[in-house]
Protein chains: 2
Amino acid sequence: MLQESPLSPTFSPLYRQIKRLILQGLESGEWRPGELIPSENELAARFNVSQGTVRKAIDEMAAENLLLRRQGKGTYVASHNDDDPHVSFRFLRLVPENGKLEPSQSVPLECWRAKAGLEVSRTLGIKPGAPITIVRRLLKFGAKPVVVEEIYLPGETFDGLSLEILQEYQGSFYGLLESRFGVRMIRAEERLRAMAADRASAALLGVAEGAPLLSVERVSYTYGDRPVEWRRGLYSTADYYYMNELN
Amino acid sequence: MLQESPLSPTFSPLYRQIKRLILQGLESGEWRPGELIPSENELAARFNVSQGTVRKAIDEMAAENLLLRRQGKGTYVASHNDDDPHVSFRFLRLVPENGKLEPSQSVPLECWRAKAGLEVSRTLGIKPGAPITIVRRLLKFGAKPVVVEEIYLPGETFDGLSLEILQEYQGSFYGLLESRFGVRMIRAEERLRAMAADRASAALLGVAEGAPLLSVERVSYTYGDRPVEWRRGLYSTADYYYMNELN
DNA sequence: GAGTGGTCTAGACCACTCC
DNA sequence: GAGTGGTCTAGACCACTCA
């Protein structure tokens, strides 16, 4: 493996360069979510570095949930589908107030096309007026509606998404985006606020108009820190709360 | 370093045993927050393992914000005091709506002693009726009050805490607990809900009674996963929002 | 220049999976 | 038994800090 001079201003250690190369394999689709990537020895041979250097690159990527190691089997590309089916909502932080874990269910309400306004275009990094797809859905725990959300997606990337597809698909939303459109979400930022329920949301969630709701705005990113989803959810936090771990 | 048989049911790799040993050094106070711990070579010699094994143990602890490595200088015990003074609120996730970062200021309002009720005793792992200390304070950004919170602390651990001390101390609350009482917070869990402002909080925050507020309950843990703080804050999220990163 | 952490290598052996 | 990731070692050299 050739390495730039350590004196170069753009210097980065070998294992980070290897990490970049593996990342390119993920971005280019050479290895797709759920698939096995070559063994550490193979990658070491391919990149002309030692196995330990490949290992360190993969270590970091596994810590970032990009790869998944399984002893004796190999290293897999992380996927929203192969996850534990119970925890298939990897980014959802809702926890029941009374420990009772009711089965969750996503209820798609609407799905339509529109043109990006200024705010959406900025957050998604597309042109104002570019086509977008909007999904409106409800999240239920047992029979209880707990979240109502609107999801904004760049139309080109997710061309063909429809209410039917959403209704048919078994599994998580991100699982669908991944297997059907080849876009994997790897990271997200959420902005939380408290706000009063508007009439429509109140009706859907079964709370009084003006009741305090938790507003959760999320921007999700795929490889290369490219934002590909903006959503805004209103959470009814009477029976479920938003759990967060700080380190 | 002696190592149990790999066949033992309680087997853990060498570097984790080393990690345990270093952790014990932190818990026992052998190395205190902000201090330098022995070099990797010294620790390797002391524990009779190779330097690489010590390195892997420290790697994990640095990733968990227990230790802080500085090339050329050494490895330090992480501290809430040595942190970047701007970011001295390590667990505070509030971000201004309009990018303008106003200087934050903690205003202690009250500090009194009480006996633990059932809920507090459970969360703090102390006996019901055991002495606790309660702090009430306000968090301001610039002139704007944004958070009002009540903090419940086990009285024995933080014996002597008073309003005066709180008012005198320059620096973060956790910095105070650390330098004055030798208790370092390493991790916390937060439970978020939306709720309506009661009259007292509304007055303190300068919002209308019944206005939606973000309720943030936090349990903080010190070494050994021992809970030593329970607090409940009400956040006014008109000009600031709660930011969270998901991975 | 001495001492620290940071990177890279090479090789040995272990634990797990699958055939 | 062959192949995978997981651990451990030993040694070399680099980058940074401080005296």
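The sequence lines fix the lettering, A, B, ..., with proteins before strands; numbering per chain opens at 1.
Between B:Gln17 atom CD and D:dT7 atom P the separation is 12 Å, expressed in whole Å. Regarding B:Asp59, its CG atom lies at a distance of 14 Å from the C1' atom of D:dT7, rounded to whole Å. Summarising the geometry, the separation between CZ on B:Arg16 and P on D:dG6 is reported as 12 Å, rounded to the nearest angstrom. Atom-to-atom, CG of B:Leu43 to P of C:dG3 comes out at 17 Å; the value is rounded to the nearest Å. Distance B:Leu67 CG to C:dG5 C1': 13 Å, rounded to the nearest Å. A:Gln51 places its CD atom 10 Å from the C1' atom of C:dG11, with the value rounded to the nearest Å. Rounded to a whole Å, the CZ atom of B:Arg55 is 18 Å from the P atom of D:dA12. Atoms CD (A:Glu60) and C1' (C:dG6) sit 12 Å apart, rounded to a whole Å.
Residue-to-nucleotide proximity on DNA chain C shows that, of A:Ser50 and A:Gly72, the 5′-proximal contact is made by A:Ser50.
Remark: B:Arg93 is not positioned above the aromatic ring of B:Tyr240, lacking an NZ or CZ atom under 6.0 angstrom from the ring centre and at most 45 degrees off the axis. For B:Arg70 and B:Tyr76, the positive end sits near the middle of the six-membered ring, less than 6.0 Å away and at most 45° from its axis.
Remark: side-chain polar atoms of B:Arg184 are paired, donor with acceptor, to backbone N or O of B:Ala78 under 3.5 angstrom. Remark: side-chain polar atoms of B:Asn65 are paired, donor with acceptor, to backbone N or O of A:Asn247 under 3.5 angstrom. Without hydrogens or angle criteria, A:Glu35 side chain to A:Arg32 main chain gives a donor-acceptor distance under 3.5 Å. Between the side chain of B:Ser179 and the backbone N or O of B:Gly175 there is at least one donor-acceptor pair closer than 3.5 Å. Under a 3.5 Å cut-off, the side chain of B:Ser220 and the backbone N or O of B:Ala188 do not form any donor-acceptor pair. Without hydrogens or angle criteria, B:Glu178 side chain to B:Val183 main chain gives no donor-acceptor distance under 3.5 Å.
Heavy atoms only, all atoms of each residue included: B:Leu23 and B:Met61 are closest at CD1-CE, 3.8 Å.
Here B:Arg70 does not reach the OP1 or OP2 of D:dT17: none of its side-chain N or O atoms lies under 4.0 Å away. B:Thr75 has no side-chain polar atom (N or O) that falls below the 4.0 Å cut-off from OP1 or OP2 of C:dT4. Between A:Lys73 and C:dC16 there is no side-chain N or O to OP1 or OP2 distance below 4.0 Å. Between A:Lys56 and C:dT7 there is a side-chain N or O to OP1 or OP2 distance below 4.0 Å. Between B:Thr53 and the phosphate of D:dT9, there is a side-chain N or O to OP1/OP2 separation shorter than 4.0 Å.
Checking C:dT4, D:dT9, C:dG5 against the side-chain heavy atoms of B:Leu14 singles out D:dT9 as nearest.
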Per-nucleotide pairing state of DNA chain D [Watson-Crick or G-U, under 3.5 Å; [ ] pseudoknot-crossing; | other strand]: ||||||||||||||||||.

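Near-neighbour residues of DNA chain D inside residues 25-41 of chain A, defined by a heavy atom below 4.0 Å, number-ordered: A:Ser39, A:Glu40.
In this structure, B:Phe91 has its ring center under 6.0 Å from that of B:Tyr174.
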